[in-house]
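To start, the structure itself, in C-alpha cells.
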Amino acid sequence: MKGLKEKLYDKIEEHRPRIKRLLKEHGETVVNEVTVQQIIGGMRGIKSLVSDISYLDPFEGIRYRGYTLPEVFEKLPKAQGSEMPCVEGLFYLLLTGDIPTESQCSDVIYDMVNRRQLPKYVYDVIDAFPNNSHPMAILSAAVMSMQRESVFNLRYHRGMNKQDFWDPTYEDSINLMSKLPVIGAYIYNKLYSDKGCNYQDPTKDFGGNFAYMLGKEKPYDDVSRMYFIIHADHEGGNVSAHTGHLIASSLSDVYYSVSGMINGLAGPLHGLANQEVLRWIQNLKEQFGNRLPTKSELQKSVWETLNSGQVIPGYGHAVLRKTDPRYTIQREYSLKHMPEDELFKYLDLLYEVVPPILQEQGKAKNPWPNVDAHSGVIQWHYGVTEYDYYTVLFSIGRSIGVLSNIIWDRALGYPIERPKSITTHMMEQIVGIGS
Ligand code: HAX
C-alpha cells in the first residue's frame with residue numbers, strides 16, 4: 001500500500017495538467033470585477049486565491065475537501081477509545097482529498113511520532129522569555145528559532161528542480177506539525193502549570209499526546225482533537241492562511257511562513273477573539289456578582305459594550321452569514337458533556353441576546369457567533385483557565401491547513417504573490433472626482 005507521500009505525489013501529477021490547461025486556454029477569462037469598496041475595504045470577497053484544501057460558503061460554512069465538518073467528524077478514523085477522529089487522519093484528508101483507512105491513519109501517526117523530538121535550543125528559546133510574555137509571541141519565536149532545520153532551505157541552496165519543491169516542503173511541514181503540540185505544551189507548562197510534564201507518550205496520537213503533556217485526563221484528549229480539527233482551515237483568504245501562503249510564495253520555508261501566520265492569528269479581530277470572549281464574559285460575571293444575569297440585564301450590557309465603541313467578541317464574520325458550524329459543533333459537544341457548566345449557560349444566553357441586538361444596530365453584516373465565541377468556555381471547563389493561551393491551541397490547529405496549502409502551492413508552482421496597489425488620487429480619477 002502506498003504511503004501518504006507516494007499518494008500525494010500521484011495526486012500532484014494528476015492535478016498539474018489542470019492548472020496548466022486553465023492558464024493556457026483560459027488565462028484571459030474574467031472571473032470577477034473589483035469595486036472601490038472592495039479595494040478600500042480589505043479586499044473583501046475578491047476571488048483572487050486558489051485553494052483546494054477547503055472552501056467557505058457564507059451560508060453553509062466550511063467544507064474540508066468537499067466534506068462538511070459533521071461529515072469529517074463522522075468519516076475520519078477515530079483515535080482508540082475516543083469519540084473524536086485523529087488529527088493525523090485530517091492531515092491525510094487535507095493533503096490528498098481522500099478519507100484515510102485506519103491503517104493509513106496509523107502510518108501517519110507513526111511517522112509523526114518519530115518526528116516529535118524538539119531540539120534542545122527550542123526549550124532554551126522558550127525559557128528565555130519572561131513569564132509575562134504573551135504565549136503567542138513565545139510560540140512564534142520558538143517556531144522561528146527552528147528555521148535552521150529546514151530541509152527545503154538546504155536543498156534549495158544545493159540546487160533543486162522547481163518540480164521537486166513540494167518534496168522537502170512536505171518534509172519540513174510534517175516535521176514542524178509534529179513538534180507544534182510539544183512546543184505548545186511546553187509553553188503552557190512553563191507559564192502556568194506544575195501538573196503537566198515535558199515527556200511525551202509515543203503510544204498516543206497528536207491530540208492524545210498533547211493532552212498528556214498538559215497533564216489533562218480524558219476527555220481532554222478528545223477536546224484537543226476536536227479543537228485542532230475545527231480550527232485547521234477556513235479557505236485561503238483569512239489573515240492566518242493568507243499570511244502563510246503569502247510568505248511561502250517568496251519561497252521562504254515553512255518555519256518563516258508558520259511563524260508569520262501565528263503573528264497574524266494573534267490579532268483580536270482574528271484568532272485572539274477567543275481570549276477576548278473569555279475576558280469579556282469574566283468581566284460580565286464580575287459585574288453581575290457571579291450570577292447568571294436576566295435576559296434584559298444582559299441586553300443592557302451588550303448595548304453598553306457596543307455604545308462604548310467596542311466589538312462584541314466572537315460575533316460577526318467577514319464571509320459567514322449564519323452561525324458558524326464550528327460554533328455548533330462545540331455547542332453540541334457542550335450540550336452532551338457539560339450542559340450544567342455555568343459559563344456555557346452564559347454563552348447560551350448570549351446566543352439568544354446578541355444576534356438581535358447586532359441586527360438592530362444594523363452595522364455587522366453577520367450577527368451570528370463564530371468559532372471563537374465558544375472555544376474558551378470548553379477550555380475553561382477542563383481547567384485551562386489561562387485565556388491568553390487559547391490562541392496557541394488555534395495556531396496548532398491552523399498550521400495543519402496552512403501547511404497543507406503550502407505543500408500544494410509548491411507542487412503546482414504558484415508564483416510569488418504580488419497584487420497591485422493604486423493611490424487615492426488614482427482612485428478618484430477612476431471614479432471621476434476632481435481633475
Ligand atoms: N460587534 C460589533 N460590531 C461589529 C461586529 C461585532 N461583533 N462585527 C462587525 N461589526 C461592525 C464592524 O466593526 C464594522 O463597523 P464600522 O462600519 O464602524 O467599521 C461593521 O460592523 C461592518 O463590519 P462587517 O463587514 O460585518 O465585518 P468585517 O468583515 O469588517 O469584520 C470581523 C469581520 C470578524 C473582524 C468582525 O465581525 C468583528 O470584529 N468581530 C468581532 C471579533 C471576532 O469575533 N473576530 C473573530 C472572527 C472569526 C475569526 O477570524 N476567527 O479567527
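Numbering of ligands and ligand atoms starts at 1, following listing order.
- Closest protein heavy atom to atom 50 (O) of ligand 1: H270 ND1, 2.9 Å.
- Contacts with ligand 1 closer than 4.0 Å are made by heavy atoms of both the backbone and the side chain of A318.
- Between R326 and ligand 1, no N or O atom pair is found at a separation short of 3.5 Å.
- More than 12 non-hydrogen atoms from other residues, nucleotides or ligands lie less than 6.0 angstrom from CE of M427.
- A side chain to side chain donor-acceptor pair (under 3.5 Å) check over residues 349-362, counting only residues at least two apart or in different chains, returns the pairs K295-E352, T323-Y351.
- Y387 and W380 have parallel rings, their planes meeting at less than 30° on a 0 to 90° scale where 60° marks the start of perpendicular.
- Nearest-heavy-atom check against atom 6 (C) of ligand 1 across V354, I312, D324 picks out I312.
- Across I53, V72, D98, a single residue satisfies side chain to side chain contact (heavy atoms under 4.5 Å, CB included) together with L93, and that is V72.
- Taking a distance limit of 4.0 Å, we find that atom 46 (C) of ligand 1 is approached by some protein heavy atom.
- Near A273, meaning under 4.0 Å from any of its heavy atoms, are these atoms of ligand 1: 43 (C), 44 (O), 45 (N), 46 (C).
- Each of L139, I138, I262 was evaluated against V392; a single residue qualifies, L139, per the side chain to side chain contact (heavy atoms under 4.5 Å, CB included) test.
- Distances from atom 38 (C) of ligand 1 to the heavy atoms of W368, Y315, Y327 put Y315 nearest.
- The presence of a protein heavy atom under 4.0 Å from atom 32 (C) of ligand 1 is ruled out.
- Distance from atom 42 (C) of ligand 1 to its nearest protein heavy atom, with residue and atom name: P268 O, 4.0 Å.
- Heavy-atom minimum distance, H234 versus L320: CE1-CD1, 4.2 Å.
- In summary, K322 and E60 do not engage in a salt bridge, as defined by a charged side-chain N under 4.0 Å from a carboxylate O.
- Ranking the protein heavy atoms by distance from atom 39 (O) of ligand 1 puts L269 CD2, 3.4 Å first.
- Atom OH of Y186 sits in a crowded spot, with more than 12 heavy atoms from other residues, nucleotides or ligands closer than 6.0 Å.
- By the 6.0 Å contact criterion, CZ on R115 is enclosed, its count of non-hydrogen atoms from other residues, nucleotides or ligands being greater than 12.
- Both the backbone and the side chain of V311 come within 4.0 Å of ligand 1, counting heavy atoms alone.
- For atom 28 (P) of ligand 1, the candidate residues are H317, R321, K365, R44; the nearest heavy-atom contact is made by R44.
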Solution key, residues 296-311 side-chain donor-acceptor pairs under 3.5 Å, sequence neighbours excluded:
{"residue": "E297", "atom": "OE1", "partner": "R291", "partner atom": "NH1", "Å": "3.0"}
{"residue": "E297", "atom": "OE1", "partner": "R291", "partner atom": "NH2", "Å": "3.4"}
{"residue": "E297", "atom": "OE1", "partner": "T294", "partner atom": "N", "Å": "2.8"}
{"residue": "E297", "atom": "OE1", "partner": "T294", "partner atom": "OG1", "Å": "3.4"}
{"residue": "E297", "atom": "OE2", "partner": "R291", "partner atom": "NH2", "Å": "2.9"}
{"residue": "S301", "atom": "OG", "partner": "Q287", "partner atom": "NE2", "Å": "3.3"}
{"residue": "S301", "atom": "OG", "partner": "E297", "partner atom": "O", "Å": "3.4"}
{"residue": "T305", "atom": "OG1", "partner": "W280", "partner atom": "NE1", "Å": "3.1"}
{"residue": "T305", "atom": "OG1", "partner": "S301", "partner atom": "O", "Å": "3.1"}
{"residue": "N307", "atom": "ND2", "partner": "W303", "partner atom": "O", "Å": "3.3"}
{"residue": "S308", "atom": "OG", "partner": "E304", "partner atom": "O", "Å": "3.3"}
{"residue": "S308", "atom": "OG", "partner": "T305", "partner atom": "O", "Å": "2.8"}
{"residue": "S308", "atom": "OG", "partner": "Q310", "partner atom": "NE2", "Å": "2.9"}

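- Relative to atom 51 (N) of ligand 1, the option among T391, L306, D372 with the closest non-hydrogen atom is D372.
- Considering only non-hydrogen atoms, atom 8 (N) of ligand 1 lies nearest to A364 out of G362, A364, G42, G309.
- Using cut-offs of 30° and 60° for the angle between ring planes, the Y170 and W166 rings count as perpendicular.
- At under 3.5 Å, not a single nitrogen or oxygen of Q361, backbone or side chain, sits near a nitrogen or oxygen of ligand 1.
- When only interatomic distances are considered, the shortest N/O to N/O separation between G314 and ligand 1 falls below 3.5 Å.
- For atom 20 (C) of ligand 1, the nearest non-hydrogen atom of the protein is K363 O, 3.7 Å.
- The two residues R410 and A248 come nearest to each other via the heavy atoms NH2-O, 2.9 Å.
- Heavy-atom proximity to G271, at under 4.0 Å, picks out these atoms of ligand 1: 52 (O).
- Ligand 1 has no nitrogen or oxygen under 3.5 angstrom from a nitrogen or oxygen of F394.
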